[in-house]
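Heads up: the structure comes next, in C-alpha coordinates.
Lettering follows sequence order; numbering is per chain, from 1.
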There are 2 protein chains.
Amino acid sequence: MSANSRLTVAAHALTWIGLYQRRGHEVATSEQIATSVNTNPVVIRRLLAELSKAGLVDSRRGAGAGWMLARGLAAITLLDVYRAVEPGPVFALHRATPDPECVVGHGIGPVMAAVYDDVETALRRELAGTTLEDVLRDVLKAA
Amino acid sequence: MSANSRLTVAAHALTWIGLYQRRGHEVATSEQIATSVNTNPVVIRRLLAELSKAGLVDSRRGAGAGWMLARGLAAITLLDVYRAVEPGPVFALHRATPDPECVVGHGIGPVMAAVYDDVETALRRELAGTTLEDVLRDVLKAA
DNA sequence: TCAGTCGTAACCATAGTTGTTACAGCTACT
DNA sequence: AGTAGCTGTAACAACTATGGTTACGACTGA
(Lines give C-alpha, C1' and ligand atoms only; values in the text may rest on other atoms or scores of the structure.)
Protein backbone atom coordinates (compact mmCIF):
# COMPACT_ATOMS: atom_id res chain seq x y z
CA MET A 1 0.00 0.00 0.00
CA SER A 2 1.29 3.39 -0.86
CA ALA A 3 1.73 4.89 2.55
CA ASN A 4 0.97 8.57 2.25
CA SER A 5 1.56 11.41 4.62
CA ARG A 6 -1.26 13.68 3.53
CA LEU A 7 -3.23 13.22 6.75
CA THR A 8 -0.10 13.79 8.83
CA VAL A 9 0.82 16.99 7.04
CA ALA A 10 -2.74 18.31 7.07
CA ALA A 11 -3.07 17.69 10.81
CA HIS A 12 0.33 19.30 11.35
CA ALA A 13 -0.64 22.39 9.37
CA LEU A 14 -3.97 22.84 11.14
CA THR A 15 -2.44 22.33 14.56
CA TRP A 16 0.27 24.84 13.72
CA ILE A 17 -2.29 27.43 12.63
CA GLY A 18 -4.29 26.83 15.79
CA LEU A 19 -1.31 27.32 18.06
CA TYR A 20 -0.17 30.37 16.11
CA GLN A 21 -3.60 31.96 16.40
CA ARG A 22 -3.73 31.10 20.08
CA ARG A 23 -0.55 33.10 20.48
CA GLY A 24 -2.28 36.19 19.13
CA HIS A 25 -1.67 36.13 15.39
CA GLU A 26 -4.55 36.49 13.00
CA VAL A 27 -3.30 34.48 10.05
CA ALA A 28 -0.51 32.06 9.19
CA THR A 29 1.26 31.98 5.85
CA SER A 30 1.99 28.87 3.82
CA GLU A 31 5.68 29.65 4.07
CA GLN A 32 5.64 29.64 7.87
CA ILE A 33 3.76 26.35 7.91
CA ALA A 34 6.05 24.87 5.26
CA THR A 35 9.06 25.71 7.41
CA SER A 36 7.61 23.78 10.35
CA VAL A 37 6.57 20.83 8.17
CA ASN A 38 9.85 20.97 6.25
CA THR A 39 8.39 21.04 2.77
CA ASN A 40 7.51 23.43 -0.02
CA PRO A 41 4.93 26.21 0.49
CA VAL A 42 3.02 25.07 -2.59
CA VAL A 43 2.51 21.66 -1.04
CA ILE A 44 0.94 23.38 1.95
CA ARG A 45 -1.21 25.66 -0.19
CA ARG A 46 -2.48 22.70 -2.21
CA LEU A 47 -3.40 20.81 0.94
CA LEU A 48 -4.98 23.84 2.61
CA ALA A 49 -7.01 24.44 -0.53
CA GLU A 50 -8.62 21.03 -0.01
CA LEU A 51 -9.18 21.78 3.66
CA SER A 52 -10.74 25.08 2.64
CA LYS A 53 -13.19 23.31 0.31
CA ALA A 54 -14.11 21.10 3.26
CA GLY A 55 -14.76 24.19 5.38
CA LEU A 56 -11.98 23.63 7.87
CA VAL A 57 -9.93 26.75 7.07
CA ASP A 58 -10.42 30.12 5.44
CA SER A 59 -7.87 32.13 3.51
CA ARG A 60 -7.34 35.84 3.17
CA ARG A 61 -5.74 37.27 0.05
CA GLY A 62 -3.83 40.43 -0.73
CA ALA A 63 -1.32 42.04 1.60
CA GLY A 64 -1.28 40.59 5.12
CA ALA A 65 -2.79 37.45 3.65
CA GLY A 66 -2.72 33.97 5.10
CA TRP A 67 -4.77 31.16 6.56
CA MET A 68 -6.97 30.89 9.62
CA LEU A 69 -9.04 28.11 11.15
CA ALA A 70 -12.73 28.14 10.26
CA ARG A 71 -13.51 26.72 13.69
CA GLY A 72 -11.68 25.81 16.87
CA LEU A 73 -9.23 22.95 17.21
CA ALA A 74 -11.62 21.18 19.57
CA ALA A 75 -14.27 21.16 16.84
CA ILE A 76 -12.07 19.46 14.23
CA THR A 77 -11.53 15.71 14.44
CA LEU A 78 -8.96 13.72 12.51
CA LEU A 79 -11.90 12.19 10.66
CA ASP A 80 -12.82 15.65 9.36
CA VAL A 81 -9.26 16.04 8.11
CA TYR A 82 -9.21 12.51 6.67
CA ARG A 83 -12.41 13.13 4.75
CA ALA A 84 -10.98 16.36 3.35
CA VAL A 85 -7.66 15.01 2.10
CA GLU A 86 -8.13 11.30 1.36
CA PRO A 87 -10.01 10.80 -1.87
CA GLY A 88 -10.62 7.05 -1.96
CA PRO A 89 -11.10 4.02 0.26
CA VAL A 90 -8.23 2.06 1.74
CA PHE A 91 -9.01 -1.14 -0.15
CA ALA A 92 -10.32 -1.60 -3.67
CA LEU A 93 -12.11 -4.40 -5.43
CA HIS A 94 -10.80 -6.00 -8.62
CA ARG A 95 -9.44 -3.67 -11.25
CA ALA A 96 -11.05 -5.74 -13.99
CA THR A 97 -14.41 -7.46 -13.49
CA PRO A 98 -13.82 -11.10 -12.48
CA ASP A 99 -15.29 -13.99 -14.44
CA PRO A 100 -19.08 -13.83 -13.90
CA GLU A 101 -19.37 -17.49 -14.98
CA CYS A 102 -17.34 -18.55 -11.95
CA VAL A 103 -19.16 -18.82 -8.63
CA VAL A 104 -16.33 -17.13 -6.77
CA GLY A 105 -15.74 -14.53 -9.46
CA HIS A 106 -19.41 -13.71 -9.49
CA GLY A 107 -20.04 -13.53 -5.77
CA ILE A 108 -16.90 -12.32 -4.10
CA GLY A 109 -17.23 -8.64 -5.00
CA PRO A 110 -20.17 -7.81 -2.72
CA VAL A 111 -18.75 -9.99 0.05
CA MET A 112 -15.44 -8.15 0.10
CA ALA A 113 -17.21 -4.82 -0.26
CA ALA A 114 -19.16 -5.56 2.91
CA VAL A 115 -15.96 -6.39 4.78
CA TYR A 116 -14.28 -3.23 3.52
CA ASP A 117 -17.28 -1.20 4.62
CA ASP A 118 -16.84 -2.50 8.16
CA VAL A 119 -13.11 -1.77 8.03
CA GLU A 120 -13.69 1.79 6.86
CA THR A 121 -16.28 2.28 9.57
CA ALA A 122 -13.83 1.11 12.24
CA LEU A 123 -11.09 3.29 10.82
CA ARG A 124 -13.33 6.34 10.79
CA ARG A 125 -14.50 5.66 14.32
CA GLU A 126 -10.90 5.69 15.51
CA LEU A 127 -10.10 8.93 13.68
CA ALA A 128 -13.29 10.54 14.96
CA GLY A 129 -12.14 9.94 18.53
CA THR A 130 -9.27 12.40 18.32
CA THR A 131 -9.65 16.15 17.89
CA LEU A 132 -6.87 18.54 16.93
CA GLU A 133 -7.22 19.96 20.44
CA ASP A 134 -6.20 16.50 21.71
CA VAL A 135 -3.29 16.49 19.28
CA LEU A 136 -2.08 19.93 20.38
CA ARG A 137 -2.43 19.00 24.05
CA ASP A 138 -0.31 15.88 23.59
CA VAL A 139 2.22 17.81 21.51
CA LEU A 140 2.63 20.43 24.25
CA LYS A 141 2.72 17.75 26.92
CA ALA A 142 5.65 16.06 25.21
CA ALA A 143 7.61 19.31 24.95
CA MET B 1 -4.72 7.14 -1.30
CA SER B 2 -3.84 4.64 -3.93
CA ALA B 3 -6.58 2.11 -3.47
CA ASN B 4 -5.12 -1.27 -4.22
CA SER B 5 -6.77 -4.57 -4.90
CA ARG B 6 -4.06 -6.88 -3.64
CA LEU B 7 -6.09 -8.03 -0.64
CA THR B 8 -9.14 -8.59 -2.83
CA VAL B 9 -7.26 -10.65 -5.39
CA ALA B 10 -5.42 -12.66 -2.74
CA ALA B 11 -8.65 -13.50 -0.93
CA HIS B 12 -10.25 -14.37 -4.26
CA ALA B 13 -7.40 -16.71 -5.19
CA LEU B 14 -7.37 -18.49 -1.84
CA THR B 15 -11.13 -18.91 -1.79
CA TRP B 16 -11.01 -20.26 -5.32
CA ILE B 17 -8.34 -22.81 -4.39
CA GLY B 18 -10.34 -23.83 -1.33
CA LEU B 19 -13.52 -24.41 -3.31
CA TYR B 20 -11.62 -26.23 -6.04
CA GLN B 21 -10.00 -28.55 -3.53
CA ARG B 22 -13.33 -29.12 -1.83
CA ARG B 23 -14.64 -30.34 -5.17
CA GLY B 24 -12.00 -33.07 -5.21
CA HIS B 25 -9.02 -31.55 -7.02
CA GLU B 26 -5.60 -31.67 -5.47
CA VAL B 27 -4.04 -28.52 -6.89
CA ALA B 28 -5.10 -25.39 -8.75
CA THR B 29 -3.00 -23.73 -11.45
CA SER B 30 -2.26 -20.04 -11.68
CA GLU B 31 -3.93 -20.00 -15.08
CA GLN B 32 -7.21 -21.34 -13.71
CA ILE B 33 -7.17 -18.78 -10.91
CA ALA B 34 -6.22 -16.00 -13.31
CA THR B 35 -9.23 -16.85 -15.46
CA SER B 36 -11.57 -16.45 -12.51
CA VAL B 37 -9.89 -13.24 -11.33
CA ASN B 38 -9.65 -11.95 -14.91
CA THR B 39 -5.98 -11.11 -14.86
CA ASN B 40 -2.61 -12.48 -15.91
CA PRO B 41 -1.28 -15.77 -14.46
CA VAL B 42 1.98 -14.08 -13.50
CA VAL B 43 0.09 -11.64 -11.32
CA ILE B 44 -1.42 -14.61 -9.52
CA ARG B 45 1.90 -16.41 -9.18
CA ARG B 46 3.54 -13.28 -7.78
CA LEU B 47 0.77 -12.90 -5.21
CA LEU B 48 0.71 -16.59 -4.31
CA ALA B 49 4.48 -16.49 -3.86
CA GLU B 50 3.96 -13.94 -1.08
CA LEU B 51 1.19 -16.05 0.43
CA SER B 52 3.52 -19.02 0.27
CA LYS B 53 6.21 -17.16 2.19
CA ALA B 54 3.56 -16.40 4.80
CA GLY B 55 2.73 -20.10 5.04
CA LEU B 56 -0.81 -19.85 3.69
CA VAL B 57 -0.31 -21.94 0.55
CA ASP B 58 2.09 -24.54 -0.79
CA SER B 59 3.10 -25.09 -4.37
CA ARG B 60 4.01 -28.23 -6.25
CA ARG B 61 6.33 -28.06 -9.22
CA GLY B 62 6.89 -30.23 -12.24
CA ALA B 63 4.14 -31.97 -14.16
CA GLY B 64 0.73 -31.89 -12.47
CA ALA B 65 1.98 -28.84 -10.61
CA GLY B 66 -0.14 -26.17 -8.93
CA TRP B 67 -1.13 -24.62 -5.66
CA MET B 68 -2.89 -25.94 -2.59
CA LEU B 69 -3.93 -24.42 0.72
CA ALA B 70 -1.52 -24.96 3.60
CA ARG B 71 -4.48 -25.09 5.98
CA GLY B 72 -8.25 -24.97 5.81
CA LEU B 73 -10.27 -21.93 4.81
CA ALA B 74 -11.66 -21.70 8.33
CA ALA B 75 -8.13 -21.32 9.68
CA ILE B 76 -7.23 -18.35 7.46
CA THR B 77 -8.50 -14.90 8.37
CA LEU B 78 -8.43 -11.83 6.18
CA LEU B 79 -5.88 -10.45 8.63
CA ASP B 80 -3.55 -13.33 7.74
CA VAL B 81 -3.94 -12.43 4.08
CA TYR B 82 -3.52 -8.72 4.78
CA ARG B 83 -0.30 -9.33 6.66
CA ALA B 84 1.01 -11.43 3.79
CA VAL B 85 0.32 -9.02 0.94
CA GLU B 86 0.33 -5.50 2.39
CA PRO B 87 3.87 -4.31 3.04
CA GLY B 88 3.35 -1.05 4.88
CA PRO B 89 0.95 0.80 7.14
CA VAL B 90 -2.05 2.73 5.86
CA PHE B 91 -0.79 6.12 7.03
CA ALA B 92 2.74 7.47 7.08
CA LEU B 93 4.44 10.22 9.02
CA HIS B 94 6.27 13.09 7.34
CA ARG B 95 8.51 12.21 4.43
CA ALA B 96 11.12 14.72 5.60
CA THR B 97 11.76 15.33 9.30
CA PRO B 98 9.80 18.42 10.42
CA ASP B 99 11.50 21.39 12.03
CA PRO B 100 12.73 20.20 15.46
CA GLU B 101 12.97 23.82 16.62
CA CYS B 102 9.20 24.17 16.28
CA VAL B 103 7.05 22.83 19.12
CA VAL B 104 4.57 21.28 16.71
CA GLY B 105 7.25 20.00 14.36
CA HIS B 106 9.07 18.44 17.24
CA GLY B 107 6.17 16.81 19.01
CA ILE B 108 3.59 15.84 16.43
CA GLY B 109 5.35 12.75 15.12
CA PRO B 110 4.87 10.52 18.17
CA VAL B 111 1.34 11.84 18.67
CA MET B 112 0.25 10.91 15.17
CA ALA B 113 2.11 7.61 15.39
CA ALA B 114 0.04 6.72 18.46
CA VAL B 115 -3.18 7.54 16.63
CA TYR B 116 -2.11 5.50 13.62
CA ASP B 117 -1.28 2.59 15.89
CA ASP B 118 -4.83 2.62 17.20
CA VAL B 119 -6.20 2.84 13.67
CA GLU B 120 -4.13 -0.11 12.51
CA THR B 121 -5.24 -2.09 15.54
CA ALA B 122 -8.89 -1.41 14.77
CA LEU B 123 -8.39 -2.27 11.11
CA ARG B 124 -6.68 -5.53 11.98
CA ARG B 125 -9.38 -6.42 14.48
CA GLU B 126 -11.98 -6.05 11.74
CA LEU B 127 -10.02 -8.17 9.27
CA ALA B 128 -9.35 -10.80 11.93
CA GLY B 129 -13.09 -11.26 12.38
CA THR B 130 -13.63 -12.75 8.95
CA THR B 131 -12.24 -16.10 7.80
CA LEU B 132 -12.09 -17.30 4.22
CA GLU B 133 -14.65 -19.90 5.26
CA ASP B 134 -16.98 -16.98 6.02
CA VAL B 135 -16.17 -15.47 2.65
CA LEU B 136 -16.89 -18.70 0.79
CA ARG B 137 -20.11 -19.25 2.70
CA ASP B 138 -21.36 -15.78 1.79
CA VAL B 139 -20.24 -16.21 -1.81
CA LEU B 140 -22.20 -19.47 -2.12
CA LYS B 141 -25.18 -17.98 -0.32
CA ALA B 142 -25.38 -15.18 -2.88
CA ALA B 143 -25.26 -17.58 -5.83
C1' DT C 1 12.44 -37.39 -23.10
C1' DC C 2 8.81 -34.19 -22.88
C1' DA C 3 4.95 -31.53 -21.70
C1' DG C 4 3.09 -28.66 -18.25
C1' DT C 5 3.67 -25.52 -14.55
C1' DC C 6 6.19 -22.91 -11.21
C1' DG C 7 9.43 -19.10 -10.03
C1' DT C 8 11.27 -15.02 -11.34
C1' DA C 9 13.43 -11.42 -14.05
C1' DA C 10 12.65 -7.66 -17.16
C1' DC C 11 10.11 -4.14 -19.14
C1' DC C 12 6.20 -1.03 -19.88
C1' DA C 13 2.04 1.64 -18.72
C1' DT C 14 -0.64 3.95 -15.45
C1' DA C 15 -1.57 6.50 -11.39
C1' DG C 16 -0.68 8.93 -7.00
C1' DT C 17 2.33 11.76 -4.21
C1' DT C 18 5.67 15.14 -3.51
C1' DG C 19 8.79 18.87 -4.79
C1' DT C 20 9.67 22.82 -7.66
C1' DT C 21 9.26 26.90 -10.72
C1' DA C 22 6.38 30.22 -12.53
C1' DC C 23 2.90 33.55 -12.77
C1' DA C 24 -1.64 35.83 -12.56
C1' DG C 25 -4.77 37.87 -9.08
C1' DC C 26 -5.82 40.15 -4.98
C1' DT C 27 -5.41 43.78 -1.28
C1' DA C 28 -3.43 46.40 2.78
C1' DC C 29 -0.25 49.85 3.11
C1' DT C 30 2.48 53.78 1.80
C1' DA D 1 -1.71 55.07 -7.76
C1' DG D 2 1.95 51.92 -6.92
C1' DT D 3 4.00 48.30 -4.59
C1' DA D 4 5.05 44.48 -1.68
C1' DG D 5 3.54 40.16 -0.15
C1' DC D 6 0.80 36.29 -0.31
C1' DT D 7 -2.78 33.26 -2.38
C1' DG D 8 -4.39 30.16 -6.10
C1' DT D 9 -3.20 27.28 -9.60
C1' DA D 10 -0.93 25.44 -13.69
C1' DA D 11 2.88 22.84 -15.36
C1' DC D 12 6.50 19.71 -15.07
C1' DA D 13 9.82 16.35 -13.09
C1' DA D 14 11.08 12.61 -9.91
C1' DC D 15 9.86 8.79 -7.40
C1' DT D 16 7.06 4.86 -5.96
C1' DA D 17 3.44 1.33 -6.20
C1' DT D 18 0.62 -1.49 -8.86
C1' DG D 19 -0.63 -4.26 -12.55
C1' DG D 20 -0.07 -6.41 -17.27
C1' DT D 21 2.92 -8.81 -20.41
C1' DT D 22 6.68 -11.58 -22.40
C1' DA D 23 10.27 -14.60 -21.69
C1' DC D 24 12.80 -18.32 -19.90
C1' DG D 25 15.15 -21.44 -16.73
C1' DA D 26 13.90 -25.09 -13.21
C1' DC D 27 11.44 -28.88 -11.86
C1' DT D 28 8.95 -33.39 -12.18
C1' DG D 29 5.18 -36.84 -13.35
C1' DA D 30 4.14 -39.61 -17.09
Query raised in the report: Mind checking who shares a hydrophobic cluster with B/V42, ILVMFWY linked at side-chain heavy-atom distances under 4.5 Å?
Result: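 B/V42 clusters with nothing; isolated.
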
Query raised in the report: Does B/V27 sit in a hydrophobic cluster with other residues, and if so which ones, taking ILVMFWY side chains as linked at heavy-atom separations under 4.5 Å, directly or through other members?
Result: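 Reading the cluster by chain and number, B/V27 sits alongside B/M68.
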
Query raised in the report: If we only count heavy atoms from C-beta on, is the A/T130 to B/D118 side-chain gap below 4.5 Å?
Result: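 A/T130 vs B/D118: side chains apart.
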
Query raised in the report: Are side-chain heavy atoms of A/L132 and A/T77 found at a separation under 4.5 Å?
Result: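 A side-chain contact under 4.5 Å is absent here.
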
**Report entry** Pairs where residues 99-128 of chain B contributes a residue and the test ring pair (Phe, Tyr, Trp, His ring centres under 6.0 Å) is met, not counting sequence neighbours
**Finding:**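 Output for this query lists B/F91-B/Y116.
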
Query raised in the report: From B/L140 CG over to B/L136 CG, what is the distance, rounded to the nearest 0.5 angstrom?
Result: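 With rounding to 0.5 Å, CG (B/L140) is 4.5 Å from CG (B/L136).
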
Query raised in the report: What distance do A/H94 atom NE2 and B/S36 atom OG have between them, rounded to the nearest 0.5 Å?
Result: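 Taking NE2 in A/H94 and OG in B/S36, the distance rounds to 7.0 Å.
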
Report task. Identify, residue by residue, the members of residues 105-117 of chain A with a heavy atom below 4.0 Å from DNA chain D, and return them in order of residue number, or none. Result ->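 DNA chain D contact set from residues 105-117 of chain A: none.
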
Requested in this report: With a 4.0 Å heavy-atom cut-off, tell me which residues in residues 33-47 of chain B come close to DNA chain D, sorted by residue number.
Outcome: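 Heavy-atom contacts with DNA chain D come from B/T39, B/N40, B/V42, B/V43, B/R45, B/R46.
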
Provide, to the nearest angstrom, the distance between the [atom1] atom belonging to [X] and the [atom2] atom belonging to [N].
{"X": "A/E86", "N": "C/dG16", "atom1": "CD", "atom2": "P", "result": "13 Å"}
{"X": "A/F91", "N": "D/dT18", "atom1": "CZ", "atom2": "P", "result": "12 Å"}
{"X": "B/R6", "N": "D/dG20", "atom1": "CZ", "atom2": "P", "result": "12 Å"}
{"X": "A/D58", "N": "C/dT27", "atom1": "CG", "atom2": "P", "result": "14 Å"}
{"X": "A/E50", "N": "C/dG16", "atom1": "CD", "atom2": "C1'", "result": "12 Å"}
{"X": "B/L7", "N": "D/dG19", "atom1": "CG", "atom2": "C1'", "result": "16 Å"}
{"X": "B/E31", "N": "D/dT21", "atom1": "CD", "atom2": "P", "result": "13 Å"}
{"X": "A/N4", "N": "D/dA17", "atom1": "CG", "atom2": "P", "result": "12 Å"}

Query raised in the report: Listed by chain and number, what are the salt bridge (Lys or Arg N to Asp or Glu O under 4.0 Å) partners of A/R125, not counting sequence neighbours?
Result: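 With neighbours one apart ignored, the set is empty.
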
May I ask you to verify if any side-chain N or O of [X] is less than 4.0 angstrom from the OP1 or OP2 atom of [N]?
{"X": "B/S5", "N": "D/dT18", "answer": "no"}
{"X": "B/T29", "N": "C/dT5", "answer": "no"}
{"X": "B/S59", "N": "C/dG7", "answer": "yes"}

Using a cut-off of under 3.5 Å, enumerate the N/O to N/O pairs linking the protein to nucleotides 25-30 of chain D.
residue : atom : partner : partner atom : Å
D/dG25  : N2   : B/R61   : NH2          : 3.2
D/dA26  : N3   : B/R61   : NH2          : 3.1
D/dC27  : O2   : B/G62   : N            : 3.3
D/dT28  : O2   : B/A63   : N            : 3.0

Report task. Quick one: which residue pairs count as a salt bridge (Lys or Arg N to Asp or Glu O under 4.0 Å) with a foot in residues 94-105 of chain A, not counting sequence neighbours? Result ->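 Sorted result for residues 94-105 of chain A: empty, none.
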
Query - Pair listing, salt bridge (Lys or Arg N to Asp or Glu O under 4.0 Å) test, anchored in residues 31-55 of chain B, at least two apart - result: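 Only B/R6-B/E50 qualify under salt bridge (Lys or Arg N to Asp or Glu O under 4.0 Å).
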
Report task. Report the residue (B/A65 or B/R95) whose heavy-atom-nearest nucleotide on DNA chain C is the more 5′ of the two. Result ->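 By nearest-heavy-atom nucleotide position, the 5'-most residue is B/A65.
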
Query raised in the report: Is there a path from A/L19 to B/V115 through hydrophobic residues (I, L, V, M, F, W, Y) whose side chains come within less than 4.5 Å of each other?
Result: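 Same cluster: A/L19 reaches B/V115 through Ile, Leu, Val, Met, Phe, Trp or Tyr contacts under 4.5 Å.
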
Query raised in the report: Looking at five pairs on each end of the helix from C/dT1-D/dA30 to C/dT30-D/dA1, what is the angle between the two axes, given to 10 degrees?
Result: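 The end axes of the helix from C/dT1-D/dA30 to C/dT30-D/dA1 are about 0° apart, to the nearest 10°.
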
Query raised in the report: If you look only at pairs with a residue in residues 132-143 of chain B, which of them pass as a side chain to side chain donor-acceptor pair (under 3.5 Å), with sequence neighbours excluded?
Result: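 Sorted pair list: B/R22-B/E133, B/T131-B/D134, B/D134-B/R137.
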
Query raised in the report: Would A/L123 and B/E126 satisfy side-chain contact (heavy atoms from CB on, under 4.5 Å), going step by step from the backbone distance to the final call?
Result: CA-CA 9 Å; A/L123 181 147; B/E126 283 298 320; over 6 Å; no

**Report entry** Partner residues of A/W16 under the ring-ring contact (aromatic ring centres under 6.0 Å, His included) criterion, sequence neighbours left out
**Finding:**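 Residues passing ring-ring contact (aromatic ring centres under 6.0 Å, His included) with A/W16: A/Y20.
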
